[in-house]
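Comments concern the structure below.
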Amino acid sequence: MAQRTEPARGMRDFLPEDVRRREYAIGIITRVYERYGFEPLETPAVENIETLLGTYGEEGNQLIFKILKRGEHEATGQADLALRYDLTVPLARVVAQYQSRLPRLFKRYQIQPVWRADRPARGRFREFYQCDVDSLGSTSPMVEAELCAAMSDALTELGFNDFVIRINHRQFLAYLLNTFAVPRESHADALVAIDKLDKIGGDGVLKELLNRGISEQSSDAMLQFFEGAAEIKGSAPDPEENEAALDVGRDRLPIGSPGRDAVENIRAILRITSGTSAEGRMRLDFSLARGLSYYTGAIMEINVADLAGSLGGGGRYDNLVGMFLGQNIPACGFSLGLERILVVMGERNMFPPTLKTTAADVMIATFDAAGAPAAMRLAAQLREAGLRVLVYPDPEKIGKQIKYADSRGIPFVALLGENEIRDNTVTVKNLAAQTQDTYGQADAGATIVEALRQRG
RNA sequence: GUGGGUGUAGCUCAGUGGUAGAGCGCCGGACUGUGGCUCCGGAAGUCGCGGGUUCGAAACCCGUCACCCACCCCA
């Protein structure tokens, strides 16, 4: 092999069938988002590096793809640009930049690639699409509820029926950590540990907390709070269990405390979702943490059983726009991870068979150079009739040409040889039925269209 | 970043120290205006890369790179 031909690490080429699958999923998601009144937005792949740094937290900064300065500064290894890491921070920048031109309540969707210098794994890539929806300008819990509903609609229309949207609240978590004397710089570590309560249980979390340098007193106290996890953490996406868990959480927090307010905020959101398609999907999970540092309120994450990571996530971030504008605008968003959705859909065979449709409905075989103009004329006629037409460019043996059409799944081959050209006719071969008939060239298009219709 | 696995023909893989293989695909022919089946023939690999051991290495040893799985983290 002369040269490596794989795409760069963590990057992928999309062959025709891949693209059709992606476009299928994106089409459904877009239609759902539009149905909720979200408007499209696109932003550049590249941002000024200072726009991105400092908004995602330590881990995030490490994963940003940086672009070296050009020219004489290149040698210094300094970066002044970077590939966007998500679609939320660029949105906040746009809102700050165009505040006067955007509506007071701004609902936008954005389906574009983002880049992370992460280590690739199943369902994880260095270039991947996110499908974001965000509402800016309102603090109402109706915003969170509506986002959850949109996620539910999109996933349901894609064919998922087993997803769960977990919900928690950053202020609740922050209050808890402060109450149990976890120093601010250790909050992220503590949350990562707590986030694993599902997977590794109370003992595992305790170990993890201590490993991460959280004091024994703090760790014990927090675990005690989460102990009786069955009662404090809704175990199923069930409204009554959620309410019960909320009551337990509320009763363990002082009246008037931010933690208690957060619990009631979750309750409000959950009650509103009961009027939406997200009903029966929501599960309160006091141990849900999520990595990004800019969240300030409710946080949500979508899971299915057969994928370790999440299909999507989101939350409220009331202070992010303020970092660019100097004045806060409340905001809340939710993002679907296209690649993970596609991975699961592929494994579960969730794509409709019609996606496998081929490049063309009919192929015109080529006999010799003299017939080329007639072939092109016929192709134009057939296209006029609404058919997708491929003209075989080389006068190879007819058997080989037909074999090609068959191997590509093209159902009809039009044979336009000397005789047909002389008679102004065309012989149309139906590969599946193993039949062929000769028609006037003017009638061939309609005949094939009708035959395709009958095939379904 | 940690641990494990795998790198041999375009693809999937066999080959445990002695001449580099199979299936599929591709090309040609039987069949020069008709596909799927069958038969015959053909092209194609510095065995990931570098070093070492050996009379001899695809195989054994060391290093390195890439990919896969698990952990970590995330969409």
Side-chain angles (χ1 to χ4, degrees), chain A residues 1-12 29 56-64 84-88 111-132 151 188-189 191-193 195-196 199-200 204 208 211-212 289-293 300-304 307-315 333-344 363 365-368 371 392 395-421 426-436 438:
Chain A
M1 199 166 302
Q3 197 175 339
R4 298 175 50 80
T5 52
E6 307 95 64
R9 167 162 230 222
M11 309 285 173
R12 291 161 302 158
I29 293 168
Y56 301 110
E58 260 320 297
E59 303 234 349
N61 285 352
Q62 306 277 324
L63 298 178
I64 293 172
R84 67 171 163 240
Y85 179 88
D86 69 2
L87 302 176
T88 307
I111 299 175
Q112 285 193 283
V114 303
W115 292 267
R116 294 184 189 177
D118 218 338
R119 194 164 162 163
R122 173 165 169 264
R124 182 161 79 189
F125 308 94
R126 289 180 148 187
E127 176 181 58
F128 60 98
Y129 272 64
Q130 290 193 321
C131 312
D132 277 38
M151 296 301 113
D189 274 327
L191 290 177
V192 167
D195 197 37
K196 293 182 194 167
K199 290 182 212 160
I200 60 179
E208 181 99 15
N211 274 344
R212 287 169 180 267
R290 293 190 57 73
L292 297 175
S293 62
M300 288 86 72
E301 188 166 300
I302 305 174
N303 298 95
V304 289
L307 187 77
S310 64
L311 288 187
F334 216 130
S335 175
L336 285 176
L338 181 68
E339 319 305 337
R340 290 180 173 185
I341 287 171
L342 293 172
V343 163
V344 176
M363 185 186 95
T366 284
F367 285 77
D368 50 46
Y392 200 89
E396 288 171 346
K397 290 205 320 191
I398 295 306
K400 192 174 166 185
Q401 297 190 43
I402 290 173
K403 200 169 168 181
Y404 174 82
D406 187 50
S407 72
R408 301 302 326 276
I410 298 170
F412 293 95
V413 173
L415 299 160
L416 192 63
E418 244 177 89
N419 301 338
E420 285 87 353
I421 292 175
V426 56
T427 297
V428 176
K429 183 176 177 69
N430 180 329
L431 294 193
Q434 301 187 67
T435 58
Q436 69 181 48
T438 301

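Convention: sequence-line order gives letters A, B, ...; per-chain numbering from 1. Side chains are part of it too, since the values below use all heavy atoms of this structure and drop only hydrogens, waters and symmetry mates.
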Rounded to whole angstrom, note down the [atom1] distance from [N] over to [M].
N	M	atom1	result
B:rG36	B:rC24	P	15 Å
B:rG23	B:rA14	C1'	10 Å
B:rG25	B:rA66	C1'	25 Å
B:rG3	B:rC47	P	30 Å
B:rG42	B:rG4	C1'	43 Å
B:rG56	B:rG63	C1'	23 Å
B:rA43	B:rA59	P	27 Å
B:rA44	B:rG50	P	22 Å

- The residue, A:Glu127 or A:Ser407, whose nearest nucleotide of RNA chain B is more 5′ is A:Ser407
- Message: Taking the nucleotide of RNA chain B with the nearest heavy atom to each, does A:Leu63 or A:Gly417 sit closer to the 5' end?
- Response: A:Gly417
[Y] backbone acceptor or donor facing [X] side chain under 3.5 Å:
X	Y	result
A:Arg116	A:Tyr85	yes
A:Gln436	A:Thr427	no
A:Arg126	A:Asp118	yes

Hey, is the side chain of [X] poking within less than 4.0 Å of OP1 or OP2 on [N], counting only N and O atoms?
X	N	answer
A:Lys400	B:rG28	yes
A:Arg408	B:rG35	no
A:Arg119	B:rA66	no

Checking all strands, does [X] fall into the base, sugar-phosphate, or nothing category for heavy-atom contacts under 4.0 angstrom?
X	value
A:Leu311	sugar-phosphate
A:Val413	nothing
A:Gly399	sugar-phosphate
A:Tyr404	nothing
A:Asn419	base
A:Phe125	base

Applying a 3.5 Å limit to both distances, which nucleotide forms a Watson-Crick or G-U wobble pair with [N]?
N	result
B:rA70	B:rU2
B:rU53	none
B:rU12	B:rA22
B:rC39	B:rG29
B:rG7	B:rC65
B:rG17	none
B:rA75	none

Does any N or O donor sit under 3.5 Å from an N or O acceptor when you compare the side chain of [X] with the base of [N]?
X	N	answer
A:Glu420	B:rG33	yes
A:Gln401	B:rU34	no
A:Arg9	B:rC65	no
A:Lys397	B:rU32	no

If you check every side-chain atom of [X], which of [options] has the closest atom?
X	options	result
A:Ile398	B:rC74, B:rG35, B:rU34	B:rU34
A:Gln434	B:rG35, B:rC73, B:rA75	B:rG35
A:Thr427	B:rG35, B:rA75, B:rU34	B:rU34

- Query: Does A:Phe367 stack onto the base of B:rG33, taking stacking as ring centres under 5.5 Å apart and planes under 30° apart?
  - Reply: no
- Item | Derivation of the side-chain hydrogen bond (donor to acceptor under 3.5 Å, both in side chains) call for A:Ser335 and A:Asp132 | CA-CA 4 Å; A:Ser335 175; A:Asp132 277 38; 2.7 Å; yes
- Task: Could you pull out the closest heavy-atom pair between A:Glu301 and A:Ser310, with the gap in Å?
- Result: CG-CB, 3.4 Å
- Message: Give me the atom names and distance for the closest heavy-atom approach of A:Asn303 to A:Gly309.
- Response: ND2-O, 3.6 Å
- Query: So, A:Arg12 and A:Glu127, do they make that salt bridge, N to O below 4.0 Å?
  - Reply: no
